[in-house]
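Heads up, the thing below is written out as structure tokens.
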Protein chains: 2
Amino acid sequence: MAVNRRIGAESSATRAALMDAVEAVMREDGYAALTARRVAERAGLKHQLVFYYFENMDELLLATYRRHISHYRDTMEEALRSDRPLHAFWAVNSNARDAVLNVEFLAMSNHNEVVRAETVRFGEEFRNMGLEHIALPIGGAGQEKEPLSPKAVMMVINFVGSLLGLETAIGISGAHPEIRALVDWCVDELEPTPVGG
Amino acid sequence: MAVNRRIGAESSATRAALMDAVEAVMREDGYAALTARRVAERAGLKHQLVFYYFENMDELLLATYRRHISHYRDTMEEALRSDRPLHAFWAVNSNARDAVLNVEFLAMSNHNEVVRAETVRFGEEFRNMGLEHIALPIGGAGQEKEPLSPKAVMMVINFVGSLLGLETAIGISGAHPEIRALVDWCVDELEPTPVGG
DNA sequence: GTCTATACACCGATAGAC
DNA sequence: GTCTATCGGTGTATAGAC
């Protein structure tokens, strides 16, 4: 498992710079462009340094992914603690910058076993995040025919935000205002303005 | 532009087999696994044959993409001509097999300029597909506060179907039943059972 | 139409000097 | 902690035999 070679400290600034470079390359050229040489070049370093700070490329990608997830989780938890958690959740998930990274990691999961395992793990965690904040407002809206699962509503919002972000990155903008208006309307219906507001 | 080399006929069965192999590799291992060697190996051929039938890898990917789009368009148009176009549209777009390819090509567009151009072109075409069949039923449902754009509804259905398919391919299934139930419910509301049915 | 042989670039990864 | 040097493997692509 472990490698017969010196590995740099996790607190190193250079190590963090390599992870920053991974995210930059992913955003700009997609995950398929992630090579040790390109990542190091983006960070202004020699490519051999990648293997001083990480056992291999997978470890670099996994560390970057975990850092991204950690940041994403924090942002999400803060949003869900707000006055109107569903509105805040939509605001976070319709942010194009995060969405592109999320979808890139998701697409990467389809061919990288290490990243796939982490995606499955976080995917399940994500589905149960902040449900205690969301359950009430949606239940309060009162749907006549079928119960609207808070989990399902949040996932749909996440899906729409993710692909809106990816399309924006690619250069497609058609129907985006209509789509945003539709989600805005749904979110307003499900989580009305508080009487005190 | 053109290459100084013999190029095989478009009607060739071997050429089609290479495109089949591209789709198979994309589905199984993601777009980043698409190399001339792996595609040819999947088709049981030598990798040099790729460059007999296609000028380069981009041409192979583009030809495969165009074939996929053509098939997808046909399926969609047939669905939209049915009794309940919105229901049929959801059925087509929640098919995991097509969805995975759609998202893989979408993700690939983020770093492949040739594929990106085709995605943008088809993306705009897709947004206007079959709107004449959809506009009436949705308008007929009568929304009180804000008009539900048929275009937006169809894009949301497409987005949800796409990411459901990708997640399924990756191995995530949590909340999928709830999400499907939610979309089913929405589609039923927007396009009720015909009185004659 | 398919093969062998080959070119040259880039890849991940390691060893060892400084 | 960062460097030079280097390895074997794989990538796209071409030339030419059969």
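Heavy atoms only: backbone and side chains are in, while hydrogens, waters and symmetry mates are out. Within every chain, numbering begins at 1; the chains are lettered A, B, ... in the order of the sequence lines, protein sequences first and strands thereafter.
A:Val100 and A:Phe159 are not part of a single hydrophobic cluster, where members link through side-chain heavy atoms under 4.5 Å apart.
Closest heavy-atom contact between B:Leu166 and B:Glu104: CD1-OE2, 4.3 Å.
Without hydrogens or angle criteria, B:Ser12 side chain to B:Ala9 main chain gives no donor-acceptor distance under 3.5 Å.
One atom, OH of B:Tyr31, and another, P of D:dG11, lie 17 Å apart when rounded to the nearest Å. Distance, B:Asn56 CG to D:dT12 P: 11 Å, rounded to whole Å. As rounded to whole Å, 14 Å separates atom P of D:dT2 from atom CD1 of A:Ile7. Atoms CG (A:Leu61) and C1' (C:dG12) sit 12 Å apart, rounded to a whole Å. If you take CZ of A:Phe54 and P of D:dG1, they are 13 Å apart, rounded to a whole angstrom. Summarising the geometry, the separation between OH on B:Tyr52 and C1' on C:dA5 is reported as 19 Å, rounded to the nearest angstrom. Rounded to a whole Å, the CG atom of A:Leu60 is 10 Å from the P atom of C:dA13. Residue A:Leu18 contributes atom CG, which lies 13 Å from atom P of D:dG1 at whole-angstrom precision.
When each of B:Leu131, B:Ile134, B:Leu86 is paired with B:Leu80, the side-chain contact (heavy atoms from CB on, under 4.5 Å) condition holds for B:Ile134 and for no other. Checking A:Tyr65, A:Phe122, A:Tyr31, A:Tyr72 one by one against A:Phe105, the ring-ring contact (aromatic ring centres under 6.0 Å, His included) holds for a single residue, A:Tyr65.
Summary of the strand contacts: A:Lys46 and B:Asn4 both lie near DNA chain D, and taking for each the nucleotide with the nearest heavy atom, the more 5' one is attributed to A:Lys46. Where B:Asp58 and A:Leu49 each meet DNA chain D at their nearest nucleotide, the meeting point lying more 5' is that of A:Leu49.
Candidate nucleotides C:dC11, D:dT2, C:dG1 were compared by shortest atom distance to the side chain of A:Thr14, and D:dT2 ranks first. In this structure, of C:dC11, C:dG12, D:dA13, it is C:dC11 that holds the atom nearest to the side chain of A:Arg38. Closest approach to the A:Arg6 side chain among D:dG11, C:dA17, D:dA13 is made by C:dA17 (side chain taken as heavy atoms from C-beta onward).
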Could I get a table of every N or O pair under 3.5 Å where one atom is in the protein and the other is in nucleotides 5-8 of chain D?
unit_1, atom_1, unit_2, atom_2, d
D:dA5, N6, A:Gln48, NE2, 2.9

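B:Tyr53 comes within contact range of the sugar-phosphate backbone alone, with a heavy-atom separation under 4.0 Å but no base atom that close.
A salt bridge links A:Glu118 with A:Arg121: the closest approach of a Lys/Arg side-chain nitrogen to an acidic carboxylate oxygen falls below 4.0 angstrom. Using a 4.0 Å cut-off between charged side-chain N and carboxylate O, A:Arg127 and B:Glu167 make a salt bridge.
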